[in-house]
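First the structure, in the form of structure tokens, and then the observations on it.
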Amino acid sequence: MSTTWITVGTPLPSGPMRIAVTPAGVVTSDYLPGDTGASVPACTDPAKIDAVTGRITEYLAGRRRAPDLPIDWSRAGGAHRVVLRTLLTEVPYGRTITYGELAALSGVFEGITEPGLAARTVGQMMAANPVPLLVPCHRVVAADGIGGFGGGRVGIEVKRWLLTLEGVLEPTLDWNGPDWAEAAGRG
DNA sequence: CAGCCGTAGGTGA
DNA sequence: TCACCTACGGCTG
């Protein structure tokens, strides 16, 4: 499977994102475009670059409710994939769900009775989400707060930024995204 | 209210 | 294949 990278500039606190695409769709996205090995070449297909760049840019500008890019699910299998797909299809823009609620909704943890175990496992799965942003793992929060996020210290800032974009959180003074009042319908 | 701990899936070597 | 590391949450002191 040929994989190529596309770097997309964003207003996120973490800076540009790195998106890996295959013929099937987006297989990996990463908020922190580290030097992930030289074996993967940059994408040179203008159509793909336009689609990926355009839709992510529009989503982050508040002009689109989801990136709506095709996802290559090959990096997530079994229960992991079920949970990610449940999140993608059941939790809409501007809504949040707790780790425990998503666990129950996915139906993957039927036999688990240990309190908190299913929720923690979902946290693991979110942390291992191969396509953050496309699968809105930022909408999954802890029962008693915002929960965590990958990518070190800047990670939680990215989560807060995305939740602010979707009108879940109120913007801070350094908010650099689209007009929140307009996006929230308070015009 | 602030820790502590159980438990299982992902990831890198 | 193995060891290590968590993006939680209920319970205890």
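So you know, we letter chains A, B, ... as the sequences are listed, proteins then strands, and number each from 1.
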Distance, rounded to the nearest Å, where [X] contributes [atom1] and [N] contributes [atom2]:
X	N	atom1	atom2	value
A/D30	B/dT11	CG	C1'	14 Å
A/I146	C/dC8	CD1	C1'	15 Å
A/H80	B/dA8	NE2	P	17 Å
A/L84	B/dG10	CG	P	10 Å
A/D144	C/dC11	CG	P	14 Å
A/I97	C/dA7	CD1	P	19 Å
A/R139	C/dA7	CZ	C1'	17 Å
A/L102	C/dA7	CG	P	16 Å

Can you tell if the side chain of [X] reaches within under 4.5 Å of the side chain of [Y], non-hydrogen atoms only?
X	Y	value
A/V158	A/L162	yes
A/L163	A/I146	yes
A/T164	A/T172	no
A/L84	A/R81	no

Point to revise | 5′-ward residue of the pair A/A79/A/G116 relative to DNA chain B | key: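 Whichever sits nearer the 5' end wins; that is A/G116.
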
**Study point:** Contact list for residues 130-144 of chain A, test salt bridge (Lys or Arg N to Asp or Glu O under 4.0 Å), sequence neighbours left out
**Key:**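 Sorted result for residues 130-144 of chain A: A/R139-A/E166.
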
Review point. Under a cut-off of 3.5 Å for both distances of each Watson-Crick or G-U pair, what dot-bracket string does DNA chain C give, using [ ] for crossing pairs and | for inter-strand pairs?
Key: ||||||.||||||

Nearest of [options] to any side-chain atom of [X]?
X	options	answer
A/A127	B/dT7, B/dG10, C/dA7	C/dA7
A/L117	C/dG9, B/dT7, C/dA7	B/dT7
A/T121	B/dA8, C/dG9, C/dA7	B/dA8

**Study point:** More than 12 heavy atoms from other groups under 6.0 Å of CZ on A/R64
**Key:**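 Yes, the 6.0 Å shell around CZ holds more than 12 heavy atoms from other groups.
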
Review point. A/A128 near the nucleic acid: base, sugar-phosphate alone, or nothing, with a heavy-atom cut-off under 4.0 Å?
Key: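 Since only primed, P, OP1 and OP2 atoms lie under 4.0 Å of A/A128, the category is sugar-phosphate.
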
Point to revise | Side-chain donor/acceptor contact of A/R120 with base of B/dG6 under 3.5 Å | key: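 It does, because a donor-acceptor pair links the side chain of A/R120 to the base of B/dG6 below 3.5 Å.
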
Review point. Can you check whether A/A103's main-chain N or O pairs, donor with acceptor, with A/S106's side chain at less than 3.5 Å?
Key: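 Such a contact is found between A/S106 side chain and A/A103 backbone.
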
